Amino acid sequence: MSQENFIVDKKGRKIAVQIPVSVYEKLIADSEELDDIKEYRNAKKHKGEPIPFNQAFKEIENGLG
C-alpha cells in the first residue's frame, strides 16, 4: 500500500508529494550517508600524509580543516 499523497495543480499534474515523517527522515539519512561515501571516495583519491585522529579532530573543531 502506498503511503504518499500527491498534490496536483489545476491541470492534474503532480507538483508535490506528502510522505510520512518516518519516510522523510529515512530519505534524509540515506542521502547524508551517500554524501559521506562520496566524500570518502574523493578523499581516498588524494594521496597525502595521514594525520593522527586527534590532530584532525582538533583542526575540524577549530575550523582549520
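Computed from heavy atoms alone, side chains included, the values below leave out hydrogens, waters and symmetry copies. Since we're looking at a predicted model, the values are computed, not measured.
Hydrophobic cluster membership for I15: I7 (Ile, Leu, Val, Met, Phe, Trp, Tyr linked by side-chain heavy atoms under 4.5 Å, directly or transitively). Using a 4.5 Å cut-off between side-chain heavy atoms of Ile, Leu, Val, Met, Phe, Trp and Tyr, F57 falls into a hydrophobic cluster with F53.
Not counting sequence neighbours, E25 has no partner by the side chain to side chain donor-acceptor pair (under 3.5 Å) test. Under the side chain to side chain contact (heavy atoms under 4.5 Å, CB included) criterion, I19 pairs with E4, V17, V23, Y24, L27, not counting sequence neighbours.
Within the structure, salt bridge (charged side-chain N to carboxylate O under 4.0 Å, His left out) pairs that include any residue of residues 28-41 comprise K26-D30 (at least two apart or interchain). Residue pairs meeting the side chain to side chain donor-acceptor pair (under 3.5 Å) criterion with at least one member in residues 6-17, sequence neighbours excluded, are D9-R13.
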